[in-house]
Amino acid sequence: MNRTHTPALPWYEDMGPGSGGLEPRAWYAGSDSGRMSLNGEWRFRLSPGAAAHDESFVRPGFDASGWKKLAVPGHWVLQGAGGAPAYTNVVYPFPVDPPRVPAENPTGDHVRTFDLPGRWPGDGEVVLRFDGVESCARVWLNGQELGHFKGSRLPHEFAVGGLLRAEGNVLAVRVHQWSSGSYLEDQDQWWLPGIFRDVTLLERPQGAPRDFFVHAGYDHRDGSGTLRVECDGAEGRIVLPELGVDVATGEAVTVAVEPWTAETPRLYDGELVTAGERIPLRVGFRTVVVKDGVIRVNGRRVLFRGVNRHEFHPETGRTVDAATMRRDLALMKQHNINAVRTSHYPPHPAFLDLCDELGLWVIDECDLETHGFAGLEWRNNPVDDERWTPALLDRAARMVERDKNHASVIIWSLGNECGSGRGLTAMAKWIRGRDPERLVHYEGDLSCRDVDLYSRMYPAHAEVELIGKRAEEPWGDEELDARRRAMPFIMCEYGHAMGNGPGGLSEYQRLFERYERCQGGFVWEWIDHGIAHPGHGFAYGGDFGEELHDSNFVCDGLLFPDRTPSPGLIEYKKVVEPVRIEPVAGAGACAVRISNGYDFAGLEHLDFVWSYEVDGALVESGALDVPDLAPGASAEVGLPMEGDGVWTVRAVLARDTAWGERGHVVAWGQVEAGAAGAAGAPAAAVGERPERSEGVITLGAGVFDAATGALVRLGAVPVEGLRLDVWRAPTDNDNGAAWEPDERYGLRWRELGLHRMRHRTDAVEVGEDALVVRTRVAPAGVGQGLRTAYRWTADGERLGLTVSVVPEGEWRVPLPRLGIRFGLPAAYGGARWFGGGPGEAYPDTRSASVLGRWQMSVDAMQTPYVRPQENGARADVRWAELTDGSGVGVRAEGGAPFWFTARRWTSEQLDAAEHVTELRAGETVWVNLDHAVQGIGSQSCGPGVLPEYRLDAEAAEFSFVFSATG
Ligand code: GAL
């Protein structure tokens with residue numbers, strides 16, 4: 001019998017973390033003279049498989065000049081160097097047979113040559129550092145193999161001093177897209193192979209420490225800070241001139257300090273001075289503990305106004321440059337975000353320097369997710385298989401050692417969505433042993449056995465309320481249940497920002513304010529991962545021909561891929577604003593209550609300004625005197641004039657900061673006083689008589705088709721298709737996710753046929769003082785319908801319309817919208833309105849809507865969601881105009897505040913489009929004036945629309961008064 005010889009598993013398939021590298025240590029940029037970047041242009045060759053092939057490229061003298069040029073850091077699939085990005089949320093894009101990976105394993109050979117700077121190498125060691133390579137790399141220097149590593153978003157170093165020459169060094173790196181490590185890196189994101197972070201040579205002079213660990217605690221009782229720096233492999237002194245500190249490494253010193261918080265990121269510059277090296281330090285003093293079931297920093301409860309941040313750039317993928325990192329953080333700070341979860345892997349190390357500097361609480365998350373095993377009942381899950389534990393511990397150590405000296409990092413997270421298992425317990429144990437001064441987080445194990453805080457993703461409001469009362473459902477083990485109920489609670493993910501939404505954020509915020517245990521959350525997620533694409537604008541899953549993919553689930557951020565804030569971010573900013581400015585109930589129009597919602601800061605850094613407008617026109621403005629309130633305190637402040645309009649009070653930065661300019665608005669509130677503010681309801685338009693002649697009916701400024709009763713002209717302006725409209729292009733949240741328990745109304749609406757409503761005209765009644773058109777609006781195939789009557793009246797210039805709607809049959813779904821739609825010629829593309837603005841708003845996403853007079857083009861009213869869907873409504877509108885360049889057009893006033901939407905395509909076209917580039921302006925501006933619209937919710941991953949924001953099909957009546965402008 002023939003026996004086949006089974007070769008040992010290739011090295012990239014063994015379960016271990018790698019070989020040949022150095023122990024992990026703290027990251028710091030290093031001095032310019034002690035560092036040499038190997039970023040830049042490399043040569044590159046892609047092979048379709050990983051099977052042993054030509055390794056001659058690793059040797060000096062190999063001629064790679066015929067190979068492609070490739071920018072390092074970078075992903076080869078984004079540089080036209082072969083292959084393509086692929087997106088899956090949960091499933092592995094290869095057969096699940098751990099630790100084995102497919103033979104079709106794209107393998108990128110990277111090579112570059114370099115000379116050393118003049119004085120290198122000195123008498124010490126030189127270290128070669130990789131900050132991130134996906135998913136595993138084998139490395140050679142001058143023909144000598146250094147080793148290999150896995151752990152894509154973690155640092156890996158090799159000692160290379162002995163191998164370096166003055167000139168003509170050859171660094172060769174073979175990168176395999178798939179490896180055993182891929183089983184540990186099943187995060188919901190694009191699969192993007194390559195050397196995507198920096199490659200650096202670092203001098204390690206003799207007498208330089210191998211590593212160091214800064215411990216800097218703060219005692220809020222007496223205002224002292226205690227500093228102790230452990231130094232491994234050398235001795236030295238810690239010098240912090242500003243504090244007069246000069247102490248030996250290993251020794252503790254206690255001095256009066258200003259503490260570090262995310263609100264007041266006070267850092268003390270200093271140095272670790274050793275015989276061989278002076279290492280710059282930026283020390284922030286702070287202490288984080290759980291006490292009485294609450295996370296406290298420096299003795300106070302903190303509230304996370306957080307966001308999940310993936311590293312992403314639409315052109316360069318997970319290669320994110322320093323300017324973009326700073327921009328992300330400045331944008332977060334400008335939008336009142338105070339916390340980041342580094343979902344789902346440690347970020348570029350320099351990002352944490354910026355978090356220390358600008359002030360963000362950080363949950364640093366390990367590069368670990370095995371979500372794809374969920375569909376296999378978690379069989380063979382690496383986190384519950386001891387053979388994988390060394391790889392897990394290696395990942396934990398690489399994160400903790402690299403990032404341990406950052407004041408901003410207050411919580412370590414074991415990873416994301418790995419189920420539960422012994423490997424996680426081992427990681428938690430190791431982390432606690434190494435760094436007992438921070439908390440441990442992991443969401444995926446409801447028992448909470450390994451963690452210090454209870455964390456969940458996407459629970460509904462009602463459940464959060466139960467949790468707030470420490471009364472959540474038991475999990476199964478009495479002791480663990482009791483332990484968990486005593487823990488603080490956060491939502492490591494909530495508010496799924498996919499497409500239009502998320503709705504319901506302010507209702508969560510109220511729960512965080514009510515229940516001490518609920519310490520806030522982290523919106524999912526910061527940025528849409530749309531990849532710049534010549535045909536689609538931004539590409540999502542499936543656009544690269546992937547066999548398995550999860551479509552636009554990868555576009556679920558508060559920023560569009562190009563980093564423009566989406567309405568979701570504007571809403572979040574308002575919902576989490578750290579200062580509340582509210583009308584004082586019952587005290588008339590002219591006072592506000594100002595509450596300091598910061599956890600640590602006073603209001604000294606803010607100026608308060610007021611403005612007063614009538615019908616959107618500024619009447620007066622000025623500064624407002626507000627006392628410097630302590631955190632949690634509030635005060636009533638009178639406004640300086642009496643009046644009958646809209647007061648706006650803003651809290652703005654009093655001085656420039658590292659992230660925002662003087663005058664930047666941090667928080668605002670409005671008081672609407674009297675009828676002038678509301679612009680009142682228009683007087684009824686009555687008195688004219690409809691006249692029928694030659695196929696048309698004329699009523700005041702309105703001309704109607706005599707057969708159908710449809711309005712065809714208002715004054716000089718042609719009007720098309722004015723009628724009831726209940727359809728909207730379903731949002732991602734309307735469509736919902738298959739695993740969510742609530743009804744998926746986007747799908748139900750389509751089943752019912754709301755996108756193909758038929759309008760039957762039953763009567764066109766020309767009366768004494770009104771034209772009444774009676775219709776029934778219903779889709780084919782079902783009995784449900786909406787009896788709709790349009791009652792037109794006129795008083796000369798003005799045309800009144802009252803629409804009454806009575807549902808027939810049994811309606812089991814809410815309506816997407818209820819209002820009228822009509823078309824105007826394309827020239828009427830200028831919008832002006834008095835109401836909520838400037839951006840879009842829906843019933844449960846309207847906190848940030850500012851009442852005022854707004855003006856913009858119809859084009860500018862569109863929100864470019866990466867997958868087109870309903871967008872662009874303006875809330876609380878009292879009147880709206882659409883005009884051409886000369887001011888000629890149509891004005892509509894609402895009998896009650898209405899929702900105003902205008903676009904150059906129909907809802908049906910919006911619905912049909914898969915990418916924004918498919919939306920093309922036509923001959924018509926389509927206008928929706930809605931009496932009511934359905935809320936948004938966040939069911940694309942989370943709870944649906946709260947009951948108070950449902951638009952149930954019920955009898956309704958609403959009215960408008962139209963007139964010509966110009
Ligand atoms: C969570 C997961 C995230 C992302 C999100 C939905 O389950 O942790 O990575 O997939 O859902 O977008």
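A quick note: this is a predicted structure, and the numbers were derived from the prediction, not measured. All ligand and atom numbering here is 1-based and tracks the order in the structure.
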Test: Arg484 cationic atom under 6.0 Å from Tyr454 six-membered ring centre, within 45° of axis: yes
Among protein heavy atoms, which lies nearest atom 10 (O) of ligand 1, and at what distance? Asp188 OD2, 2.4 Å
Under 4.0 Å between heavy atoms, the region of Asn89 that gets near ligand 1 turns out to be side chain
Test: Arg100 cationic atom under 6.0 Å from Tyr183 six-membered ring centre, within 45° of axis: no
How far is atom 7 (O) of ligand 1 from its nearest protein heavy atom, and which residue and atom is that? Glu417 OE2, 2.5 Å
Distance under 4.0 Å to a non-hydrogen atom of Asn416: what atoms of ligand 1 satisfy this? 2 (C), 8 (O), 9 (O)
Selection from Gln189, His344, His496, Met498 by shortest heavy-atom distance to atom 12 (O) of ligand 1: His496
Taking distance alone, with no angle check, do His371 and ligand 1 share an N/O pair under 3.5 Å? no
Counting heavy atoms only, which part of Glu369 comes closer than 4.0 Å to ligand 1: side chain, backbone, both or neither? neither
Carboxylate-amine/guanidinium proximity below 4.0 Å for Glu743 and Arg748: yes
Could you walk me through whether Arg395 and Glu185 pass the salt bridge (Lys or Arg N to Asp or Glu O under 4.0 Å) check? CA-CA 11 Å; Arg395 285 168 187 250; Glu185 295 174 5; 2.9 Å; yes
Give me the nearest non-hydrogen protein atom to atom 1 (C) of ligand 1 as residue plus atom name, then the distance to 0.1 Å. Glu493 OE1, 2.9 Å
If you measure every N/O of His310 against every N/O of ligand 1, is any gap under 3.5 Å? no
Test of understanding: given a 4.0 Å heavy-atom threshold, classify the contact between Met457 and ligand 1 as side chain, backbone, both, or neither. side chain
Glu134: which of Arg197, Arg318, Lys150 passes salt bridge (charged side-chain N to carboxylate O under 4.0 Å, His left out): Arg318
Checking salt bridge (Lys or Arg N to Asp or Glu O under 4.0 Å) for the pair Arg750/Asp911: CA distance, chi angles, key distance, verdict? CA-CA 11 Å; Arg750 210 182 288 276; Asp911 185 21; 2.9 Å; yes
Among all the protein's non-hydrogen atoms, which is closest to atom 5 (C) of ligand 1, and how far away is it? Tyr458 OH, 3.3 Å
Do Asp452 and Arg432 sit within salt-bridge range, that is, some charged N less than 4.0 Å from a carboxylate O? yes
I need the single residue from Met491, Arg517, Gln519 that forms a side-chain contact (heavy atoms from CB on, under 4.5 Å) with Phe512. Which is it? Met491
